[in-house]
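Below is one structure, written out as structure tokens; the observations come after it.
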Amino acid sequence: MTGRMYPDPERKRNRGYLGEDSSGLPPRDLQDRQQLRYELDLNSWNLRIWGVAASGFLTDSYNLFATNVILASLSFVYFPHERWCGLIINFFTLLGSVVGQLLFGYLADKYGRTRLYGIELVLVIVSTIGVATTSTGYGDISFLALFTFWRFVMGIGIGGEYPLSAVITSEWSSTSSRATMLSSVFLMQPVGQALAQLVGLFVLLGENRAHRLHELQCGIDTRNEQECKRIIDGIWRIVIGSGAVPAILAIIFRFFLYDCGLYTLEVKNKPGNAFRDTQRVYGAPGNENNSNDFPSSNGHTVQTIANGGGTLTLPASPPEPDEPATSLQFSMSDLYNFFIRDKNWYYLLGTSMTWFYLDVSFYGFSLDNRGTLSDLWATTDAVSITADLECWNTPGSAVPSWAAGSGLPTWQTDATKPCNTIYETLIEQTKQYLLTVSLASIAGSACFVVFANRIPRREWLTASFGVLTVLFLVTGGLYYGVAHTERSWGTVVCVAICHFMFNFGANTLTFIIPAEIFPTCYRCTCHGISAAAGKVGSIVAVLIVYGINAGYKSTTRQGLVFLLFATFMALGAFYSWAYLPDVQRVVHDSTPDGELKRRLETKSLEELGGGYSGAVAEGQVFGVRNKWAMMRDKVRFRVGKGIKHSDGNEAVMEGAIGGQYPLRGGNANQFQRGGGVVNIVNGTIELPAR
């Protein structure tokens, strides 16, 4: 037993890529992995695993999207006429997320998931305290610089949560519940967005009751300027500081989680620890004979031993066979073999680019969108700042100085209501965000949880990108027709539908699929790279929106944003179609009346870990040229133009998820097309010379 739990010193270095057929695992470990999969698949949706991952993801979503709540307050107190400050804050928060996703993804694969799990929340807690206590000192500290620094540190913690929560949830889930578990964790993103808005609303209403904020006419009446700034300054600090509470609770939960047995076995090469930790979480699997010993899938006796009132099962330890030679994790040879030789860069390109294009549009509408929402909800054109305004001649009015200076202050995002106070502005922003973004996003994520195993996920990712492309085009065209009129509600409804579709499709799936399709040794790294690509897309989105708003003065410039983002959605559909594999298969079950019932079956992580080569062996095709050739042959077959095998037999095309159509009969990898013989070699279609 000791030899199995604690390998020899020369074997302590992490194992790398095991190959498309897991040939890098010795037979004993391969059988142990089958036993681990059996034990994991005995379970369904697990509250403990979900609670640990979801609590952290909720915390990160709250802290990231709290920007939408606090920027107006920050602008009111510290930079009322400088529009670029919000850009700087968002830019460095997202940049920190990129760093965190790359760093924690790599470290989690190298040192273990749970060894890192919690460190990112410590960063979030420390930075939350730093943000909430940021000040100017005695006037010798730049508030913006210090605030931005702490937001950057917070971004690192937020970014680290993505690969850790996704991969830990994926590896601890049973095959049948994996998509449901992952989507349930991701549901916490829109919930966190809404929670940040609600906390901001409750704090604002509480301060109004305590200090008569509405009566002070903050932002309009300069006589109360200092008192108003003191109250508003406290509001955003409470909102940000509240984000540390769920983070502390999440850290407590994480003391009771272990690395999944798949990682411990495949990468750390400690089978005994793998079984022990699995049964600490799920308990020992039952057996019909109720005996103390029962056979495992590898034919060896599994001994049940007591441990503090519970039972753990560990595999017995007969002599070790010689292990096959395997590359070391993160060695140059292993990285080359995995990404270049076996062409798994296809997968990484697909996950990274789909997440990139998704986040360009998603964050363009979800982060610092106060002015965007106000513009969408506006039923009239912007009101000129003149003496005709009701608030112009009120005692202590700040409005005349706006007309003489640079226009509306940055906290005043609704140009149709220039007389609104900061209190009224914050109330309006919260209402518009909850109704347009939060409710639709939560509904979309909840619907995906229900349908996660009922839809072909890779196909639905491509389809949802396509639907979003159409929705953005329709929304952009509608906006140009109804903007700033009584019919502007039509655009608001379309934007809400877009947010529903984001979370019912592409936004959730770009989080889930990278946690499924990569092998255990590089799963966190590849998920982190994919997520980082997404955050780079969000940075691009923030810069695009800021540039359009600053440089394009048309009152209907928002329509241009819709049409531009439709292009990114179309590109997302292209990459998901061309470079991502199917994570499910179609199976047909016999019914009592003799009919076949079609259903989708999720592939295990071990199957998907075979990568590009494993998918090609199943008949899947990747790459634009190959996909296009296969689609063309499919169309020709359907219209009866007679695709035939080189032996003269008629080809039979069987549908599969993702549009892959293996050709059967005769030589399955050779058929007649266009007067020449077409060969399929390693998933590459070799076309005849013309």
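These numbers come from the heavy atoms of this one structure, side chains and all, not from hydrogens, waters or symmetry mates.
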Identify every side-chain donor-acceptor pair in residues 514-521 under 3.5 Å, counting partners at least two apart or on other chains, and give the distances.
from, atom 1, to, atom 2, distance (Å)
Glu516, OE2, Arg178, NE, 2.9
Glu516, OE2, Arg178, NH2, 2.9
Glu516, OE2, Arg457, NH2, 3.0
Thr520, OG1, Glu266, OE1, 3.0
Thr520, OG1, Arg523, NH1, 3.3

Those residues that, when tested against Thr59, pass side chain to side chain contact (heavy atoms under 4.5 Å, CB included) (two or more places apart): Asn63, Leu121, Val124, Pro246, Ala247
Any residue meeting side chain to side chain contact (heavy atoms under 4.5 Å, CB included) with Asn344, in chain and number order, not counting sequence neighbours: Tyr17, Phe338, Asp342, Tyr347, Tyr612
By side chain to side chain donor-acceptor pair (under 3.5 Å) - contacts of Trp377 (at least two apart): Thr436
Residue pairs fulfilling salt bridge (charged side-chain N to carboxylate O under 4.0 Å, His left out) with at least one residue in residues 92-106, sequence neighbours excluded: none
Partner set under side chain to side chain donor-acceptor pair (under 3.5 Å) for Thr180, not counting sequence neighbours: Asn453
Contacts of type side chain to side chain contact (heavy atoms under 4.5 Å, CB included), residue Thr169, not counting sequence neighbours: Ala53, Ser173, Met181, Leu182, Val185
Note: Arg280-Asp277 ion pair, threshold 4.0 Å (strictly below): yes
Which residues share a disulfide (SG to SG under 2.5 Å) with Cys498, sequence neighbours left out: none
Contacts of type side chain to side chain contact (heavy atoms under 4.5 Å, CB included), residue Ile70, not counting sequence neighbours: Leu74, Phe147, Trp236, Val239, Ile240
Which residues share a side chain to side chain donor-acceptor pair (under 3.5 Å) with Thr93, sequence neighbours left out: Arg151
side-chain hydrogen bond (donor to acceptor under 3.5 Å, both in side chains) contacts in which one or both residues fall within residues 108-122, not counting sequence neighbours: Asp109-Arg113, Asp109-Thr525, Arg113-Glu171, Thr114-Asp259, Tyr117-Ser165, Tyr117-Arg254, Glu120-Arg254
Any residue meeting side chain to side chain donor-acceptor pair (under 3.5 Å) with His211, in chain and number order, not counting sequence neighbours: Glu207
